[in-house]
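Remember, predicted model here, so these are calculated numbers, not experimental data. Whatever order the structure lists ligands and atoms in, that order sets their numbers, starting from 1.
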Amino acid sequence: MIRIRNLNAGYGRLHILFDVSMDVRDREITVIVGPNGSGKSTLLKSIFGLTKIYSGSIDMDGVELTGLMSHEIAKRGVAYLPQVDNVFANLTVRENMMMAGYTIRDKAEVESRVREVSEMFPIIRKYWERKAGTLSGGERQMVAMAMALIRRPKVMMFDEPTGNLAPKIAKEVLGKIVELRDSLGMTILLVEQNARRALEIGDKSYLLVSGRLMFEGDPQELLSHPELAKLYLGIGT
Ligand SMILES: Nc1ncnc2c1ncn2[C@@H]1O[C@H](COP(=O)(O)OP(=O)(O)OP(=O)(O)O)[C@@H](O)[C@H]1O
Ligand SMILES: [Mg+2]
C-alpha cells in the first residue's frame, strides 16, 4: 500500500533519514522501532508531508505522496496520530468528534459514523459531554483513534500511542490497534518506544538506528535477535 524507496529527508539542511526503503502492506501492522532520536517520528512526518524530502519516493497505491500537502495526504486516506496534542483538550468529546467530521458535508452521515465508531470505542458515548482534557491518557488515545476513524482512513500511522501510559492501559491501546486490523482490515504503521509489546503484535518490523535501517523482517526474529534486540531495544534474550 505505501512504498518508500531510498528516502532521504530531514529538517532544512539537517539530514535525518538516509536511504530508507520500506513497504507498508495492506491490512498489516508494520512496526518501526529504534532508539531515541533515530528518526522514527521523522519517518512518519515525512509520509505526512511535514519534513523536507531531498530524494527518494513515497507512494501509496501507485500515487506519489512526496510534494503533497498534509491535508491532501489525509484526503487520500492517511491518518496521522502524533503522540501529543491529538485531541482538542478544551472541547468535549462530542465536539471533538464533530471537528473530526468537519470536512464531511452531510451531518447525518457524520452522526451515523459516530454511532458506528462508538461501538468499537464505547468511551465516546460514556464521556460524550466531557472535556477531552479531563480524560486519562489512555482514554484520550482512544478518542484520538475514534476521531481518525470518522474519516474512514485506509492507513493509520501511530506515533508512540502508549507513551506515558501504565502497562495495563498500554495493553488496551495496543489491543485496539490489533482490533482495527482484524475487524476493519486497517493498514497500520506503528512507532513504539516499548519495542517488545509492539513487536508482539506486528506483522512486519523495521529497526531504525541513526536514520538508517538496520533490520527489516519478521518481528519475532528481531525480538530474539542475539545482538540487535539487546543493543538497540534493551531486550535481553
Ligand atoms: N522539527 C525539527 N527540527 C530539527 N530537528 C528535528 C526536528 N524534529 C526532530 N529533529 C531531530 O531529528 C532527529 C530524529 O528525531 P525523531 O523525533 O525523528 O526521533 P525518534 O526516533 O522519533 O525519537 P524518540 O524515540 O525520542 O521519539 C533528532 O536528532 C531530532 O533532534
Ligand atoms: Mg519520536
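The shortest contact between atom 17 (O) of ligand 1 and any protein heavy atom is with Ser41 CB, 3.6 Å. Scanning the protein heavy atoms around atom 10 (N) of ligand 1, the nearest turns out to be Tyr11 CE1, 3.4 Å. The protein heavy-atom contact nearest to atom 11 (C) of ligand 1 is Ile16 CD1, 3.9 Å. What sits closest to atom 28 (C) of ligand 1 on the protein, heavy atoms only, is Gly37 O, 4.1 Å.
Heavy atoms of Asp159 found under 4.0 angstrom from ligand 1: none, in either backbone or side chain. When heavy-atom distances to ligand 1 are checked against a 4.0 Å cut-off, Gln83 has no atom that comes that close, whether in backbone or side chain.
In terms of N/O distances under 3.5 Å, ligand 1 is not approached by Gly34.
A side chain to side chain contact (heavy atoms under 4.5 Å, CB included) with Phe88 holds for exactly one of Thr92, Asn90, Leu91; it is Leu91.
Rounding to the nearest 0.5 angstrom, the gap separating the CG atom in Leu81 from the CG atom in Leu189 is 11.5 Å. Here Leu199 contributes atom CG and Leu190 contributes atom CG; the two are 9.0 Å apart, rounded to the nearest 0.5 Å. For the atom pair Lys131 NZ and Asn96 CG, the distance stands at 11.0 Å (nearest 0.5 Å).
Using a non-hydrogen distance threshold of 4.0 Å, Pro35 registers as a contact of ligand 1.
Less than 4.0 angstrom separates atom 31 (O) of ligand 1 from none of the non-hydrogen atoms of the protein.
Residue Asn36 holds the heavy atom nearest to atom 26 (O) of ligand 1 of all those in Thr42, Val209, Leu14, Asn36.
Counting only protein atoms, the N, O or S atoms lying less than 2.8 Å from the Mg ion (ligand 2) are Ser41 OG, ordered by chain and residue number.
Looking only at distances, no side-chain donor or acceptor of Lys40 sits under 3.5 Å from a matching main-chain atom of Asp159.
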